[in-house]
**Student:** 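One structure, as structure tokens, below. Some questions next.
Here, residue 1 is the first one in the sequence, and each next residue gets the next number. For the numbers below, each heavy atom of this structure counts, side chains included, while hydrogens, waters and symmetry mates do not. Given the structure is predicted, the values throughout are model-derived calculations rather than measurements.
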Amino acid sequence: MYGDQRAILMLSLQKAIVPTILLFLLYFLVIIFREYRVLKKRRLPNEETIFIINKEGISTQNGNIKEIVGWINILKVKEYKDIFLFRHSSIKWSFLPKHFFQTEEDLALFKKMIQEYHTNRSAENSTQPNLGVKDIHFPSEDIQGSNIIAKGNFTFKEYDQYASVFRNKMLLLYIISALVLLGLIFRNTFFSASLRWNWSTVLLALIFLVMIALGTMLVYFLFKHRARKEYKSDPASNKEKLYVINEEGIVYSIEGSSAQYRWKDFRKVQEYKDMLIFYVAPQRAILIPIRLFESSEDVEKVKELTQENVDSKSIKFED
């Protein structure tokens, strides 16, 4: 009798463990596929991209989008056969194709500048300047008086709230995938008309639930760890940020780097847990904690500007 119970228990464990392993493999394949689709959505834009490289850093302009990345905010530069890859944090990167250089002399000069301004940058370059409105320049000087200013830094808690938007979607995807997959595999076990709920069936069901719960916790902590690693590895995380918002768009500036976006560059704008999130791409956004604005009136003005310049279907503000 004891041997039969032990055999039933081992069989139940095998039935639970094998599908769980298959589920994790399927889930991570789904994540890889999703990341691939995100990369495809971040395809090279139709407009011509202009790179300007000097001792301050690398400046890019594509249409109305202008970005400047200082050498101090580039963690690593790696040369491949056809491109240069720039790491800005553990998961944030950019690249420069070699065929963009007009001559071999320009390419050689760029490599020399990497050695001089990035690899051998001095401690003097890491001194953080005080940011002010005077550091920001808009194409139209006549609207300077209507600027809305937000200044400060976001904490890891605030960054994690932004990361939780993606994390919650992936957790929901995992739970639904687990229930559907297990239901398909064991449809003849749990959904049979002749099902008898004996102790072995109950044990198997409990093992499935425990496996799903443990898997959910594992996925949660993996994404939590990823967010913490991203925050700690990004040189910009602990630096003061300056946001200037007006009728033309948003200028975002930190030590050594800045970016200028027109309103039409934002695919989605969302208010989430005391933050305004302006999405430029599915996993690329400008985060502005509401506490960084000087007054609640400034927050309302930003919302009004957003509603005037961004498609209403792409806006999600809290009531």
Side-chain angles (χ1 to χ4, degrees), residues 31 34-35 37-45 60 62-69 73 86-94 136 148-171 223-224 226-246 248-254 257-293 298-299 302-303 305-307 309-318:
I31 292 179
R34 189 182 187 281
E35 292 290 336
R37 291 198 60 183
V38 169
L39 289 176
K40 286 192 69 176
K41 288 183 179 180
R42 291 180 61 181
R43 60 190 180 276
L44 290 175
T60 61
N62 179 268
N64 294 318
I65 299 179
K66 300 177 182 179
E67 296 182 338
I68 302 173
V69 179
N73 293 317
F86 308 101
R87 292 282 180 181
H88 306 285
S89 68
S90 60
I91 63 172
K92 191 188 302 180
W93 52 269
S94 60
I136 304 298
I148 301 169
I149 307 298
K151 185 177 181 181
N153 195 10
F154 50 76
T155 63
F156 170 71
K157 181 179 179 180
E158 290 168 329
Y159 179 80
D160 188 57
Q161 288 175 351
Y162 159 70
S164 69
V165 176
F166 172 74
R167 183 169 63 235
N168 293 341
K169 292 180 181 179
M170 299 309 295
L171 287 174
F223 279 103
K224 186 86 170 180
R226 179 185 180 183
R228 188 177 296 277
K229 184 179 179 181
E230 161 71 8
Y231 181 82
K232 288 184 176 181
S233 64
D234 192 343
S237 295
N238 298 318
K239 297 176 182 178
E240 187 177 54
K241 301 163 183 65
L242 178 66
Y243 308 85
V244 181
I245 307 162
N246 58 29
E248 294 192 7
I250 299 177
V251 171
Y252 162 74
S253 180
I254 60 173
S257 301
S258 65
Q260 179 176 318
Y261 300 97
R262 303 283 184 172
W263 288 109
K264 68 177 184 179
D265 298 323
F266 298 116
R267 298 186 176 187
K268 180 181 176 182
V269 181
Q270 180 180 8
E271 182 180 1
Y272 182 73
K273 293 186 177 181
D274 298 323
M275 284 193 303
L276 295 178
I277 307 175
F278 297 85
Y279 288 93
V280 182
Q283 294 188 40
R284 182 185 178 191
I286 297 177
L287 316 180
I288 310 181
I290 291 178
R291 63 178 177 82
L292 299 186
F293 290 96
D298 285 348
V299 178
V302 171
K303 290 183 178 181
L305 283 171
T306 304
Q307 291 169 339
N309 295 282
V310 179
D311 186 358
S312 59
K313 296 179 181 179
S314 303
I315 301 174
K316 187 178 180 180
F317 289 145
E318 296 179 359

**Student:** Mind checking whether K268 and F278 have side chains closer than 4.5 Å, heavy atoms only?
**Tutor:** no
**Student:** I need the minimum non-hydrogen distance between G249 and W263, along with the two atoms involved.
**Tutor:** N-NE1, 3.4 Å
**Student:** Please give me the minimum heavy-atom distance between N309 and L305, naming the atom from each residue.
**Tutor:** ND2-O, 2.7 Å
**Student:** What distance do N73 atom CG and D234 atom CG have between them, rounded to the nearest 0.5 Å?
**Tutor:** 7.5 Å
**Student:** Given salt bridge (Lys or Arg N to Asp or Glu O under 4.0 Å), test D160 with R167 step by step and report yes or no.
**Tutor:** CA-CA 9 Å; D160 188 57; R167 183 169 63 235; 3.0 Å; yes
**Student:** Check whether any side-chain heavy atom of I250 lies under 4.5 Å from a side-chain heavy atom of V244, and answer yes or no.
**Tutor:** no
**Student:** Taking only Lys NZ, Arg NE, NH1 and NH2, and the carboxylate oxygens of Asp or Glu, determine whether E271 and K316 approach each other closer than 4.0 Å.
**Tutor:** no
**Student:** Decide yes or no on side-chain contact (heavy atoms from CB on, under 4.5 Å) for V69 and F86, but give the supporting numbers first.
**Tutor:** CA-CA 10 Å; V69 179; F86 308 101; over 6 Å; no
**Student:** Look at the side chain of S314 and the backbone N and O of R267, then say whether any donor-acceptor pair between them is shorter than 3.5 Å.
**Tutor:** yes
**Student:** Under 6.0 Å between ring centres, would you say that holds for Y252 and Y261?
**Tutor:** no
**Student:** Please evaluate residues S257 and I68 with respect to the criterion side-chain contact (heavy atoms from CB on, under 4.5 Å), reporting the C-alpha separation (whole Å), side-chain torsions for both, the decisive distance (0.1 Å), and the verdict.
**Tutor:** CA-CA 5 Å; S257 301; I68 302 173; 5.6 Å; no
**Student:** Using the side-chain contact (heavy atoms from CB on, under 4.5 Å) rule, take I315 and T306 through it: C-alpha gap first, then chi angles, then the decisive distance, then the call.
**Tutor:** CA-CA 8 Å; I315 301 174; T306 304; 3.9 Å; yes
**Student:** Can the positive tip of K241 be found less than 6.0 Å from the middle of the six-membered ring of F154, inside 45° of the ring normal?
**Tutor:** yes
**Student:** Quick one: NZ on K273 to OG on S164, what's the gap to the nearest 0.5 Å?
**Tutor:** 4.5 Å
**Student:** Search all heavy atoms of N153 against all heavy atoms of E158 and return the closest pair with its distance.
**Tutor:** O-OE1, 4.2 Å
**Student:** Taking the side chain as every heavy atom from C-beta outward, state whether K232 and R228 have any atom pair closer than 4.5 Å.
**Tutor:** yes
**Student:** Calculate, to the nearest 0.5 Å, the distance between atoms CD1 and CE belonging to I290 and M275 respectively.
**Tutor:** 9.0 Å
**Student:** Are the side chains of Y243 and F293 in touch, meaning some heavy atoms are under 4.5 Å apart?
**Tutor:** no
**Student:** Can you give me the closest heavy-atom contact between G152 and L292, atom names plus distance?
**Tutor:** CA-CD2, 3.8 Å
**Student:** Work out which heavy atom in Y159 is nearest to a heavy atom in A227; give both atom names and the distance.
**Tutor:** CE2-O, 3.5 Å
**Student:** Just wondering, do I286 and F266 contact through their side chains at under 4.5 Å, heavy atoms?
**Tutor:** yes
**Student:** Taking only Lys NZ, Arg NE, NH1 and NH2, and the carboxylate oxygens of Asp or Glu, determine whether R291 and D274 approach each other closer than 4.0 Å.
**Tutor:** no
**Student:** Nearest 0.5 angstrom please: K239 NZ to S253 OG, how far?
**Tutor:** 11.0 Å
**Student:** Decide yes or no for V269 and L276: does some side-chain heavy atom of the first lie under 4.5 Å from some side-chain heavy atom of the second?
**Tutor:** no
**Student:** For side-chain contact (heavy atoms from CB on, under 4.5 Å), just list the numbers for L242 and I149, CA-CA rounded to whole Å, side-chain angles, deciding distance to a tenth of an Å, and then say yes or no.
**Tutor:** CA-CA 7 Å; L242 178 66; I149 307 298; 3.8 Å; yes
